[in-house]
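Everything below concerns the one structure shown next.
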Amino acid sequence: MSKTDRSSAGTADGLLSSGGLRAAASRASSEIILIVTVLLWSGSYTASRYAVTNGFEPLAFSSVRFVIGSAVFVAVVLWREGSLRIAPRHLPLLVPAALIGIVGNQVAFTYSVSLADAAVVALIFGTLPIFASVLTWLLGWHDLSTRHWIATGVSFAGVALVALGVSGRLAADLGGVLLALVASATFAGFSVFVGRLMQHYSVYRVTAVVVLAGTIPLVLVASPQIATMGWGELDALAWTAFAYIVCMFISTTYLWFIAIDRVGAPHATLWANLQPFIGAV
């Protein structure tokens with residue numbers, strides 16, 4: 001090999017090595033983002049249950065935090081990008097993400113934590129990776145490997161073992177369990193559809209548009225509870241739980257969307273199986 005050839009090969013190897021390092025660093029940072037997101041989410045079960053069993057009406061609790069969150073998201077994207085525009089051809093992705101992933105999910109989730117222990121709902125959310133994997137497979141959007149399905153099965157088996165181990169010390173009625181399953185399934189659908197939208201738009205724009213589109217019908221559904229709830233009768237801890245949920249919602253929505261954009265919904269939702277353990281604790 002000539003000196004020129006050796007130099008070219010060395011340069012190519014260096015670029016490949018540099019690219020590999022960047023890819024590895026990006027993947028590692030994505031996993032860290034997912035861990036932080038799951039840790040913050042895990043506290044939401046307890047905070048939400050306390051709030052909705054100590055003065056907050058379920059839909060009023062959910063809709064007001066979405067109003068605050070959507071205002072923040074819209075302000076950020078208008079500051080960064082100056083537009084919220086989504087092309088009409090992407091409405092088939094936006095509409096189900098907003099209606100199923102926000103309206104349907106919030107109705108199911110807030111009532112599930114009012115009817116079942118927070119730990120029960122957290123354990124049932126162990127089904128999230130299964131719903132996400134099945135949906136992406138049915139839509140043909142991801143070619144999932146055998147290893148992924150095995151990992152999904154193993155992680156869910158771990159959740160099932162924990163559920164069996166604590167079943168005698170947790171309380172839930174059938175309605176709470178079914179609503180928790182609906183909440184898990186709808187959040188999986190939400191993750192899959194926003195992941196598809198982020199192939200065309202930034203994380204910030206997708207976050208703002210989807211949350212705003214879901215907040216409007218959610219507020220309409222919740223308006224009777226918002227109007228009749230005794231806001232002045234809430235205690236300090238209920239307001240603290242609400243404040244935690246609002247801050248958690250704003251931060252984890254961005255983090256979750258970034259993670260989905262980088263690694264895809266099927267992989268990201270596998271991390272959700274940490275929630276049952278941390279949430280139960």
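When a residue number appears, it is its place in the shown sequence, counting from 1.
Listed by first and then second residue, the salt bridge (Lys or Arg N to Asp or Glu O under 4.0 Å) pairs involving residues 200-212 are Glu81-Arg205 (not counting sequence neighbours). Residue pairs meeting the side-chain hydrogen bond (donor to acceptor under 3.5 Å, both in side chains) criterion with at least one partner in residues 93-105, sequence neighbours excluded, are Asn105-Thr186. Note on residues 52-74: no pairs pass salt bridge (Lys or Arg N to Asp or Glu O under 4.0 Å), not counting sequence neighbours. The salt bridge (Lys or Arg N to Asp or Glu O under 4.0 Å) contacts involving residues 88-116 comprise nothing, where partners must be two or more places apart or lie in separate chains.
Ile258 contributes atom CD1, which lies 8.5 Å from atom OG1 of Thr37 (distance to the nearest 0.5 angstrom). Atom CD of Gln199 and atom CG of Leu93 lie 9.0 Å apart (nearest 0.5 Å). Atom CD1 of Ile226 sits about 8.5 Å away from atom CG of Leu59, to the nearest 0.5 Å. Of the inter-residue distances, the one linking Ile33 atom CD1 with Thr252 atom OG1 reads 12.5 Å to the nearest 0.5 angstrom. Atom CG in Leu115 sits 11.0 Å away from atom OG1 in Thr53 (nearest 0.5 Å). Rounded to the nearest 0.5 Å, atoms CE (Met248) and CD1 (Ile245) are 4.0 Å apart.
In this structure, Gly55 and Leu234 approach most closely via the heavy-atom pair C-CD2, 3.4 Å. Contact detail for Asn54 and Ala238: the closest heavy-atom pair is O-CB, 3.9 Å. Summarising the geometry of Ala98 relative to Gly214, their closest heavy-atom pair is CB-N, 3.6 Å, with the distance given to 0.1 Å. The minimum heavy-atom distance linking Arg196 with His200 is given by the pair O-CD2, 3.5 Å. Between Ala108 and Ala183, the closest heavy-atom pair is CB-N, 3.7 Å. What you find for Ala60 and Ser63 is that their closest heavy atoms are O-OG, 3.4 Å.
Tyr50 belongs to a hydrophobic cluster whose other members, connected by ILVMFWY side-chain contacts under 4.5 Å either directly or through intermediates, are Leu237.
Residues Thr207 and Val77 fail the side-chain proximity criterion, which asks for heavy atoms closer than 4.5 Å.
Formation of a donor-acceptor pair under 3.5 Å by the Thr253 side chain with backbone atoms of Ile250 is not found in this model. In this structure a side-chain-to-backbone donor-acceptor pair under 3.5 Å is present from Thr110 to Gln106.
Residues that satisfy the side-chain hydrogen bond (donor to acceptor under 3.5 Å, both in side chains) test with Ser184, not counting sequence neighbours, are Thr127. Listed by chain and number, the residues in a side-chain contact (heavy atoms from CB on, under 4.5 Å) with Pro96 are Ile100, Phe193 (sequence neighbours excluded). Residues satisfying the side-chain contact (heavy atoms from CB on, under 4.5 Å) criterion with Leu220, sequence neighbours excluded, are absent altogether. Every side-chain contact (heavy atoms from CB on, under 4.5 Å) that Val103 has, sequence neighbours left out, goes to Leu99, Pro217, Leu218. Residues passing the side-chain hydrogen bond (donor to acceptor under 3.5 Å, both in side chains) test with Ser112, sequence neighbours excluded: none. Listed by chain and residue number, Tyr111 satisfy the side-chain hydrogen bond (donor to acceptor under 3.5 Å, both in side chains) test with Gln225 (two or more places apart in sequence, or in another chain). Under the rule for a side-chain contact (heavy atoms from CB on, under 4.5 Å), Thr228 has no partner lying at least two apart in sequence or in another chain.
Taking hydrophobic clusters as Ile, Leu, Val, Met, Phe, Trp and Tyr residues chained together by side-chain heavy-atom distances below 4.5 Å, Val182 does not share a cluster with Val113.
For Phe187 and Phe109, the ring centers are positioned 6.0 Å apart or more.
Considering Tyr254, Phe73, Phe61 as possible partners of Phe249, the one that fulfils the ring-ring contact (aromatic ring centres under 6.0 Å, His included) test is Phe73.
The aromatic rings of Phe242 and Phe56 sit parallel to each other, their planes meeting at less than 30°, with 60° as the upper class boundary.
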Step by step, would you call Trp231 with Trp239 a side-chain contact (heavy atoms from CB on, under 4.5 Å)?
CA-CA 10 Å; Trp231 295 93; Trp239 280 114; 3.8 Å; yes
